[in-house]
There are 2 protein chains.
Amino acid sequence: MDRQATRAAAGTRAGRAPVTLAQIARQAGVHVSTVSRALSADDAVRGGVGAETVTQIRALAEELGYQRDPAGAALRTGRSRMLGVLVPRLTDIVLATIYEGIDAAASTAGYHTVVANTGDDPEMQRRRADALLARRVDGLVLGDARSDSDLVAELARRRIPLVLVSRRLPGRISVTTDDVLGGRLAAEHLLSLGHRRVAVVAGEPYASTGVERTQGFLDAFAGAGLPVPASHVVPSRFDVPGGRAAAEHLLGLAPRPTAVFAVNDFAAIGVMAAVRDAGLTVGRDVAVVGYNDVPLAAALPVSLTSVRSPMYRMGEVAATTLVTMLDGRSGRSRRLRPTLEARASTLGDHAPGAAR
Amino acid sequence: MDRQATRAAAGTRAGRAPVTLAQIARQAGVHVSTVSRALSADDAVRGGVGAETVTQIRALAEELGYQRDPAGAALRTGRSRMLGVLVPRLTDIVLATIYEGIDAAASTAGYHTVVANTGDDPEMQRRRADALLARRVDGLVLGDARSDSDLVAELARRRIPLVLVSRRLPGRISVTTDDVLGGRLAAEHLLSLGHRRVAVVAGEPYASTGVERTQGFLDAFAGAGLPVPASHVVPSRFDVPGGRAAAEHLLGLAPRPTAVFAVNDFAAIGVMAAVRDAGLTVGRDVAVVGYNDVPLAAALPVSLTSVRSPMYRMGEVAATTLVTMLDGRSGRSRRLRPTLEARASTLGDHAPGAAR
DNA sequence: AGCCTCCACGCAATCGATTGCGAAGAAGCG
DNA sequence: CGCTTCTTCGCAATCGATTGCGTGGAGGCT
């Protein structure tokens with residue numbers, strides 16, 4: 001009676017025919033364990049079931065529309081085939097793109113993903129991570145690692161399989177772009193255009209992305225014998241208002257910098273707005289370089305020069321790395337190469353249609 | 001041996017002390033069934049467990065760091081407490097924002113969500129929906145319903161609990177903004193500014209959003225005795241290139257329209273780009289109205305007038321509606337009210353800082 | 001022809017939580 | 001004081017899939 005009620009409810013709720021291994025076994029005239037083996041058999045060298053039986057059972061399972069119940073499998077094996085993903089905000093297109101890559105790769109590997117926003121808040125990060133773990137995800141992809149938090153260390157101590165993405169942390173496996181190189185590319189571009197007085201909108205100090213991009217940029221200028229004074233490097237939030245505020249400060253300096261490198265495209269857009277508000281022209285009076293090359297960058301009225309990072313690919317690699325680790329093999333960190341896309345915000349090309 | 005291995009593996013993988021009901025029961029000196037009841041008891045009318053026992057067991061569970069194993073619970077109850085969410089693209093900030101609302105509300109109700117991108121492709125929609133169902137989600141929130149696909153009808157026939165969000169479909173429960181009203185708001189705004197020759201970038205014909213926004217807009221102009229000719233209403237993709245292409249066509253008409261309503265902000269940005277490329281000025285030569293009021297709209301060099309829709313709220317309501325249905329009560333469709341945000345793209349205010 | 005090996009499959013335990021039913025004890029009532 | 005009625009909890013079945021171990025039979029080898 002209990003069972004009847006439960007089945008009926010499940011049937012009503014999810015509307016799917018609850019085909020089980022037992023039903024297949026009955027129809028095939030074999031034991032349920034045989035069916036289990038036949039269906040899980042890795043086509044290669046799987047043991048214990050005759051090849052003929054395998055094809056026969058699979059055909060029957062297909063015909064009946066069998067779908068393995070993940071709950072039953074998870075209960076027995078202790079693995080859920082789900083990956084948890086933590087990001088600052090999914091409404092940030094950078095993270096959304098990375099997540100799409102993660103999900104695509106995970107899906108290919110037979111895993112589902114569960115995302116959660118943390119708003120880059122340490123307290124929230126902990127809560128969301130715990131919630132994911134309570135869901136028994138097999139591993140975690142963290143897109144919001146902070147250098148001033150010990151959450152990652154704690155998770156590692158608990159031996160939870162994890163991979164960082166976008167941001168790095170010493171001693172942890174991560175998949176990022178080579179942010180130092182990216183910063184250097186931006187610097188070399190500006191140097192080649194003759195800029196000598198430059199400034200940096202450096203992002204949040206707890207994020208390796210901003211820190212390393214800034215570092216690479218400063219190193220390149222220092223290497224060219226033109227060290228950037230500390231007063232010309234200001235921290236900022238990663239969004240438009242953050243970039244605008246930082247730029248308003250920088251434009252007030254005397255002498256005014258002729259170029260600004262923002263470690264993030266949205267901050268760069270804020271910089272461009274501040275330049276306009278100051279009555280100056282982007283690309284002529286002040287050059288602006290962003291980072292990530294989001295689709296919008298090329299579509300802006302004055303198209304934005306930006307360091308392109310392979311965001312989607314980064315997500316894919318992070319996911320496959322985690323899956324590799326879950327398979328018992330060891331994962332390794334990766335740094336993907338960024339490239340520079342030069343556009344009107346540094347080249348000063350304002351001809352109609354140039355943004356196209 | 002089997003068990004040992006499994007536990008050890010789980011321990012290594014997930015790194016969490018696998019505290020079970022049985023362990024708590026042993027320590028508390030009661031039966032596991034009592035523990036189960038004590039922990040699940042809705043504080044209101046707990047099912048047959050003494051109040052004292054309940055507090056005691058809960059304290060013990062807390063102390064031991066007990067976390068219910070979802071696999072065990074799902075296996076027994078047939079419910080996973082997971083919601084599936086289908087969206088065209090998570091990199092579209094509109095859908096990302098809606099999803100954040102969905103996830104927040106679901107989380108509050110004790111559900112987790114699993115998202116999937118479908119790229120608005122019918123074949124992919126079906127595959128992703130099946131994958132989610134195979135995961136045994138309790139219900140579905142669909143953000144990509146197409147009027148030219150029978151997927152929703154099929155899912156409904158299979159009695160799968162579902163709620164549509166953003167887009168509507170006749171006869172289905174949905175949570176949207178009042179798109180007809182939104183279109184009318186845009187029209188009334190332009191009418192009040194004296195525009196008599198207008199055009200519409202109408203979006204994809206299979207999406208109720210674009211269709212209804214267009215309808216509301218056309219109705220309002222027709223009601224004012226100024227029917228918009230069919231030649232001035234062109235379909236488009238929902239992105240920047242889509243809006244640009246449509247606008248290039250519209251700007252070639254003679255006489256040229258003095259205002260363009262795009263049913264989506266990104267299409268509107270494309271329209272603005274086309275206007276610039278034609279050597280015209282947005283807000284002076286051609287007024288542009290968008291829809292959704294994404295954060296970027298206000299930050300553009302020429303800030304964009306847009307119909308603001310409560311995207312996050314829409315997601316929240318959709319999720320709570322679905323949860324309500326899962327609880328056995330009946331859900332109902334909702335239409336949230338949009339409002340118009342007038343800015344420089346129609347008011348022609350180009351003073352520096354106006355975009356702020 | 002006898003014995004050994006290996007293949008293919010069945011048996012049954014197990015994972016953790018939930019829940020209908022029954023029983024024991026307490027409390028209330030006549 | 002006996003009987004009825006709750007309250008509180010234990011018992012055991014159950015969900016579906018996985019897997020170590022055992023077994024029957026076929027085939028090979030001497």
Side-chain angles (χ1 to χ4, degrees), chain A residues 1-11 14 16-26 28-42 45-57 61 66-81 134 136, chain B residues 1-11 14 16-26 28-42 45-57 61 66-81 134 136:
Chain A
M1 200 53 68
D2 167 26
R3 174 187 181 174
Q4 303 289 352
T6 300
R7 303 316 298 150
R16 91 187 58 83
V19 185
T20 70
L21 280 191
Q23 295 178 30
I24 298 179
R26 204 176 311 129
V30 297
H31 195 267
V32 37
S33 67
T34 302
V35 178
S36 172
R37 279 186 257 256
L39 293 178
S40 63
D42 315 2
V45 267
R46 264 301 296 148
V49 185
E52 189 182 344
T53 315
V54 168
T55 58
Q56 176 191 332
I57 289 180
Y66 170 77
Q67 308 221 92
R68 167 188 288 111
D69 184 332
L75 184 60
R76 185 58 171 79
T77 64
R79 301 188 56 175
S80 64
R81 296 195 77 80
R136 303 291 201 267
Chain B
M1 199 53 68
D2 168 24
R3 174 188 183 173
Q4 303 289 353
T6 301
R7 305 314 298 151
R16 95 187 55 79
V19 185
T20 71
L21 282 191
Q23 296 178 28
I24 298 180
R26 203 176 312 131
V30 296
H31 195 268
V32 33
S33 67
T34 303
V35 178
S36 172
R37 278 186 261 257
L39 293 179
S40 63
D42 315 2
V45 271
R46 338 156 312 281
V49 182
E52 190 180 343
T53 314
V54 167
T55 56
Q56 176 192 334
I57 289 180
Y66 171 77
Q67 307 220 93
R68 168 189 288 111
D69 184 332
L75 183 59
R76 185 60 171 80
T77 63
R79 301 188 56 174
S80 63
R81 296 194 79 80
R136 302 292 202 267

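In what follows, every chain begins at residue 1, and chains take the letters A, B, ... in the order their sequences are listed.
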Output one line per pair: protein atom, nucleotide atom from nucleotides 22-24 of chain D, and distance, for all N/O pairs under 3.5 Å.
none

dC9(D) P sits how many Å from I24(B) CD1, rounded? 16 Å
In whole angstrom, what separates L21(B)'s CG from dG16(C)'s C1'? 7 Å
Considering only side-chain heavy atoms of Y66(A), which listed nucleotide, dA17(D), dC9(D), dT18(C), is closest? dA17(D)
L75(B) has a side chain; which of dA17(D), dT18(D), dG16(D) sits nearest to it? dG16(D)
Please tell me if T20(A) has a side-chain N or O lying less than 4.0 Å from either OP1 or OP2 of dG16(D). no
Just how far, in rounded Å, is P of dG20(D) from NE2 of H31(A)? 16 Å
R136(A) side chain N/O closer than 4.0 Å to the phosphate oxygens (OP1, OP2) of dG16(C)? no
If the cut-off is 4.0 Å, is T53(B) near the phosphate of dC9(D), judged by side-chain N/O to OP1 or OP2? yes
Out of dC11(D), dC15(D), dT19(D), which has the shortest distance to the side chain of S33(A)? dT19(D)
Taking the side chain of V30(B) as heavy atoms from C-beta outward, which of dG16(C), dG10(D), dA17(D) is closest to it? dG10(D)
Provide, to the nearest angstrom, the distance between the CD atom belonging to E52(B) and the P atom belonging to dT7(D). 17 Å
Under 4.0 Å from OP1 or OP2 of dG16(C): is there any side-chain N or O of R76(A) that close? no
Could you state the atom-to-atom distance from CZ of R37(B) to P of dT18(C) in whole Å? 11 Å
Partners of S80(A) by side chain to side chain contact (heavy atoms under 4.5 Å, CB included), sequence neighbours excluded? M82(A), D138(A)
Computed from five pairs at either end and rounded to 10 degrees, the angle between the axes of the helix from dA1(C)-dT30(D) to dG30(C)-dC1(D) is 40°
